[in-house]
Amino acid sequence: MPELAEVAFHASKWKAAVGQRFRLDWISPKARCCRHCDADTLRSALDDSVLKAGYTHGKRMLFSFGDRSYLEIHLGMTGSLRRENLDYERVKHDHLVLRGERTLLVFQDSRQFGKVAFHRTEGDLPAWWRELPPQPHDEQFTPERFEEILSRSPRSVLKAFLLKQEYFPGVGNWMADEILWQARVRPSRKVESLSKKESDALFEKLRFVCAEAIRTIGGDYSDPPETWLFQHRWKDGGDCPATGKPLVRETIGGRTTCWSPAWQR
DNA sequence: AACCCTGTTATCGA
DNA sequence: TTCGATAACAGGGT
């Protein structure tokens with residue numbers, strides 16, 4: 001279930017093991033999600049090196065080991081990170097297991113749309129990681145940057161626009177719907193059709209939804225407020241928490257989209 | 001059995 | 001060039 005905040009939550013599971021030494025316990029040789037990660041390379045690179053830190057950026061995670069070793073993880077649609085006791089026995093869809101001094105770190109992903117990749121780098125962090133665009137909740141994500149992004153995709157449909165990771169790293173299907181619903185704008189609208197008032201609302205709700213989701217889901221996986229669309233969107237025959245009227249589900253921008261016709265203009 | 005899915009990428013065509 | 005639609009990936013849930 002990984003978007004921005006879920007990713008932060010999963011990363012925190014592994015971050016709790018910072019300081020321990022790790023070695024490779026298991027990596028699935030045939031799993032698609034591990035095809036960018038050579039087992040021998042990873043094994044010799046880790047070799048009881050200390051987990052130094054964990055980082056997240058949008059839907060990506062990066063864990064640094066020892067001197068210059070980095071493990072990049074993307075959870076795809078169904079990935080998860082867990083800690084397990086040392087006597088844990090691997091189950092189906094566990095594709096990566098790292099053995100530490102007091103815990104195991106496990107990456108599981110049934111659909112295998114996720115990604116595990118190993119990087120060895122000079123300097124503090126890989127250059128590509130440092131050059132990632134600002135996240136919506138970063139300070140550098142200014143109103144000016146938002147305006148600039150808007151002007152670059154004038155004919156894009158808003159739903160598809162918000163899902164562009166190069167602009168809004170970490171925003172996924174439910175967050176995009178939530179942002180549009182809170183800003184009271186229809187998902188099928190074009191970027192260029194937004195009034196100043198609407199684009200201001202969109203910016204504000206983008207920042208608010210990201211920050212609040214990180215606080216709740218990203219913290220202890222607690223639910224966002226009842227007043228959000230989030231709680232109602234997948235229920236069959238769900239009602240809009242603002243108007244009490246039925247929500248609609250349709251495919252917009254290639255993804256199932258939930259919205260409230262009586263609420264969004 | 002048919003159809004759905006909180007993600008990404010390649011390809012085709014308007 | 002930009003964007004949208006579609007399929008593919010691989011498995012589980014309804």
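Proteins get letters first, then strands, A, B, ... in listed order; numbering begins at 1 in each. Side chains included, hydrogens not; waters and symmetry mates left out as well; all remaining heavy atoms used.
- When rounded to the nearest whole Å, the span between CD of A/Glu166 and C1' of B/dT9 equals 13 Å.
- A cation-pi arrangement is present between A/Arg184 and A/Trp263, with the terminal nitrogen or guanidinium carbon under 6.0 Å from the aromatic centre and inside a 45° cone about the axis.
- For the pair A/His93 and A/Arg32, both in contact range of DNA chain C, the more 5′-proximal nearest nucleotide belongs to A/Arg32.
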- Item | Trace of the salt bridge (Lys or Arg N to Asp or Glu O under 4.0 Å) decision for A/Lys197 with A/Asp200 | CA-CA 5 Å; A/Lys197 198 169 259 183; A/Asp200 284 350; over 6 Å; no

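- Closest approach to the A/Met77 side chain among B/dC5, C/dC3, C/dA10 is made by B/dC5 (side chain taken as heavy atoms from C-beta onward).
- For A/His232 and B/dT6, the NE2 to C1' distance is 17 Å, given to the nearest whole Å.
- As a whole-Å value, the separation of A/Leu158 CG from C/dC3 C1' is 14 Å.
- Considering only the side chain of A/Ser156, C/dG4 comes nearest among C/dG4, B/dT6, C/dG11.
- Among the heavy atoms of the strands lying under 4.0 Å from A/Lys59 are primed sugar atoms or P, OP1, OP2 only; no base atom is included.
- Enclosure of atom NZ in A/Lys15 by more than 12 non-hydrogen atoms of other residues, nucleotides or ligands within 6.0 angstrom is indicated.
- Spacing between atom CZ of A/Arg152 and atom P of C/dT2 amounts to 11 Å, rounded to whole angstrom units.
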- Please test A/Leu158 against A/Leu180 for side chain to side chain contact (heavy atoms under 4.5 Å, CB included), starting from the C-alpha separation and ending with a verdict. CA-CA 8 Å; A/Leu158 283 173; A/Leu180 289 163; 4.0 Å; yes

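- Rounded to an integer number of Å, the gap from A/Asp109 CG to B/dC5 C1' is 13 Å.
- Of the candidate nucleotides B/dT8, C/dG12, C/dG4, B/dT8 has the atom lying nearest to any side-chain atom of A/Arg255.
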- Message: For a salt bridge (Lys or Arg N to Asp or Glu O under 4.0 Å) check, start with the C-alpha distance between A/Asp48 and A/Arg21, then their side-chain angles and the critical distance, and finish with the verdict.
- Response: CA-CA 5 Å; A/Asp48 286 328; A/Arg21 295 182 175 276; over 6 Å; no

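- Among the heavy atoms of the strands, none lies under 4.0 Å from A/Lys30.
- Helical stems in DNA chain C, defined as runs of 3 or more consecutive Watson-Crick or G-U wobble pairs with both donor-acceptor distances under 3.5 Å, are listed by first residue as B:2-5 with C:11-14, B:7-14 with C:2-9.
- The aromatic ring of A/Phe113 is stacked on the base of C/dC9, with the two ring centres less than 5.5 Å apart and the planes inclined by under 30°.
- With B/dT6, C/dC3, B/dC5 as the candidates, the nucleotide lying closest to the side chain of A/Thr256 is B/dC5.
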- Query: Can A/Trp259 and A/Arg233 be said to form a side chain to side chain contact (heavy atoms under 4.5 Å, CB included), step by step?
  - Reply: CA-CA 8 Å; A/Trp259 63 288; A/Arg233 55 171 294 126; over 6 Å; no

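- Taking atom CD of A/Glu192 as the reference point, atom C1' of C/dT2 lies 12 Å away to the nearest angstrom.
- Nucleotides B/dT6 and C/dC3 place their C1' atoms 23 Å apart, quoted to the nearest Å.
- Ring centroids of A/Phe63 and A/Tyr55 are separated by 6.0 Å or more, keeping the two rings apart.
- Of all nucleotides listed (B/dT6, B/dC5, C/dC9), B/dT6 comes nearest to the side chain of A/Trp174.
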- Task: Starting from the C-alpha separation in whole Å, work towards a yes-or-no answer on salt bridge (Lys or Arg N to Asp or Glu O under 4.0 Å) for A/Asp67 and A/Lys52.
- Result: CA-CA 9 Å; A/Asp67 220 4; A/Lys52 290 278 182 58; 5.4 Å; no

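- For A/Arg111 and C/dC9, a side-chain-to-base donor-acceptor distance below 3.5 Å is absent, hydrogens and geometry of angles not being considered.
- Look at CZ on A/Arg249: it is 14 Å from C1' on B/dT6, rounded to the nearest Å.
- For the pair A/Arg155 CZ and C/dC3 P, the interatomic distance rounds to 7 Å; values are reported in whole Å.
- The side chain of A/Lys92 places an N or O atom within less than 4.0 Å of a non-bridging phosphate oxygen (OP1 or OP2) of C/dG12.
- The phosphate of B/dT8 has OP1 or OP2 within less than 4.0 Å of a side-chain N or O from A/His74.
- Contact check, A/Gln112 against C/dG11: a side-chain N or O comes under 4.0 Å of OP1 or OP2.
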